Undergrad: 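Right, I'll just put the structure down here and ask away after.
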Amino acid sequence: MLIRSPKTWELPTAAVTPEALYRLTQRRDFLKTAGVGLAGAAFFRSAPLLSAATAGFPAKENPAFPAAKLKPTAEDYITSYNNFYEFGTGKDEPKVFANKGWKTDPWTIELAGLVNKPAKFDVNELVKKIGGIEERVYRFRCVEAWSMVIPWDGFPLAKLIALADPKPEAKFVKFTSFNDPNSAPGQRQANLDYPYVEGLRMDEAAHELAFMATGLYGKPLPNQNGAPIRLVTPWKYGFKNIKSVVKIEFTTTQPKNTWNIMQAGEYGFYANVNPKVDHPRWSQASERIIGGGLFSGSQATLMFNGYEKEVAPLYKGLDLVKNY
Ligand SMILES: Nc1nc2c(c(=O)[nH]1)N[C@H]1C(S)=C(S)[C@@H](COP(=O)(O)O)O[C@H]1N2
Ligand SMILES: [Mo]
C-alpha cells in the first residue's frame, strides 16, 4: 500500500464535512496558503505550496458539474497518489520529488503552429486573458483501472483555442510538457521518452468537456498534479491528461503521444474509457475507487467514463476496438 494514513489534522475537508462546509473551508484554506491566514495554517496542510498559477481564485462552481452530484475523493488521496513519471514511477514519489525545488511559477505557455495568433503567455496572464476560472467536478479514470472524483479549477480548452484562432488546416492539437532534467529525476533516468507529449483531434479539443486545469480543491495545482496548468479530458484514460504543459500546437497530422510511443499495442491515441475493450494485460470492466474505503472498493466502469451522452457523437462511425 503506497498511501500512508493521514494524521487527524491532515484529514481532507471533504471526508469530514458536508458540502456547505467544504465550500467554506476551500476558500479559507486558499487564503491561508496565499499567506493571508493565521499562524496555525501549517496544521491544515500536509505539504507547503511552493508555487503555481494563482490567478482567478477562488473560482465559482459551474452548476453543470457540481460537487453535489459526484462525491469528490478526499484531497489527500488526489495529491498523494499520482502518476507523474518525470518525478518517479512510484505513486508516492511525485509528491516528494516535485516539491524539491522544481519551479512552476513563473511559467510560460506557448500557442503555436497553424494559428492566426501565435503567442507566449505567463499562465497567470493567460488566465486573465481567458476571463478567469471555474470549478468542475469530474470523474477521473486511469488506464491502470483505478478512479477518483476530482474538483478541478480551470477553464474550457475551447476558450484557449478561440484565443489562438486556428487556421482551417488545423486538424489536431499537440500538447508538450516541460523538459527540465535538472529538476526532474525521472527525466534524468529517462524512464519514458521526454518531453511527455499528447494530442487530441480538433473536435475533441473543442468539446465543452475538455478543460485546462490550474487548480484543484479550490487552490492552485500542487506540483505533483501538474502545476501550473494541465489538460483534463474526463472521458479519456488518465494518460491523455498531460501535466505541466509548456506548448500547445495546432497541426495537420495526428500528434504522437508518449504512452503510444512506449507501448503501441497497449496504449492508443484515442484512449477513450471503454469497459468493453480490455487492456491486453487486464480487464477494463471495473475500477478500484481510490479512497473508497473497505466497503466501496470497486465499481463498474462506465462507457466514456460516464460522459457517453456528451461525447459519443464525436466517435460516430469510428471502430472503438481498433481505435483504442
Ligand atoms: N507530463 C506528464 N503528464 C502525465 C503523466 C506523466 O507521467 N507525465 N501521467 C499521466 C497519467 S498515466 C495519469 S493517470 C495522470 C495522473 O494525474 P494525477 O496524478 O493528477 O492523478 O496524469 C497523466 N499526465
Ligand atoms: Mo494513468
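Whatever order the structure lists ligands and atoms in, that order sets their numbers, starting from 1. If you're wondering where the values come from, they're calculated on a predicted model, not measured in any experiment. Below, all heavy atoms of this structure are taken into account, side chains as well, without hydrogens, waters or symmetry copies.
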Undergrad: Taking side chain as C-beta onward, heavy atoms only, is Phe239 less than 4.5 Å from Tyr196?
TA: yes
Undergrad: Under 4.5 Å side-chain heavy-atom separation, chaining through any Ile, Leu, Val, Met, Phe, Trp or Tyr, what else clusters with Val197? Say none if it is isolated.
TA: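 Same cluster as Val197: Ile261.
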Undergrad: Going by the rule ring-ring contact (aromatic ring centres under 6.0 Å, His included), which residues pair with Phe304 if we only count those two or more places apart in sequence or in a different chain?
TA: Tyr315
Undergrad: Would you please name every residue forming a side-chain hydrogen bond (donor to acceptor under 3.5 Å, both in side chains) with Thr233, sequence neighbours left out?
TA: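 Residues passing side-chain hydrogen bond (donor to acceptor under 3.5 Å, both in side chains) with Thr233: Asn241.
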Undergrad: I'd like a table of the close N/O pairs between ligand 1 and the protein (anything under 3.5 Å), one pair per line with both atom names and the distance.
TA:
| from | atom 1 | to | atom 2 | distance (Å) |
| --- | --- | --- | --- | --- |
| ligand 1 | 1 (N) | Glu86 | OE2 | 2.9 |
| ligand 1 | 1 (N) | Ser177 | OG | 3.3 |
| ligand 1 | 3 (N) | Lys243 | N | 3.1 |
| ligand 1 | 7 (O) | Tyr85 | N | 2.8 |
| ligand 1 | 8 (N) | Glu86 | OE1 | 2.7 |
| ligand 1 | 8 (N) | Glu86 | OE2 | 3.4 |
| ligand 1 | 9 (N) | Asn83 | O | 3.2 |
| ligand 1 | 17 (O) | Arg230 | NH2 | 3.1 |
| ligand 1 | 17 (O) | Lys243 | NZ | 3.4 |
| ligand 1 | 19 (O) | Asn82 | ND2 | 2.9 |
| ligand 1 | 19 (O) | Asn83 | N | 3.3 |
| ligand 1 | 19 (O) | Lys243 | NZ | 2.7 |
| ligand 1 | 20 (O) | Asn225 | ND2 | 3.0 |
| ligand 1 | 20 (O) | Arg230 | NH1 | 3.1 |
| ligand 1 | 22 (O) | Arg230 | NH2 | 3.4 |
| ligand 1 | 24 (N) | Asn241 | O | 3.0 |

Undergrad: I'd like to know if the side chain of Glu198 and the backbone of Thr176 have a donor-acceptor N/O pair within less than 3.5 Å.
TA: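 Side chain of Glu198 to backbone of Thr176: no pair is present.
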Undergrad: When you measure from the centre of the six-membered ring of Phe211, is the NZ or CZ of Lys159 under 6.0 Å away and within 45° of the axis?
TA: no
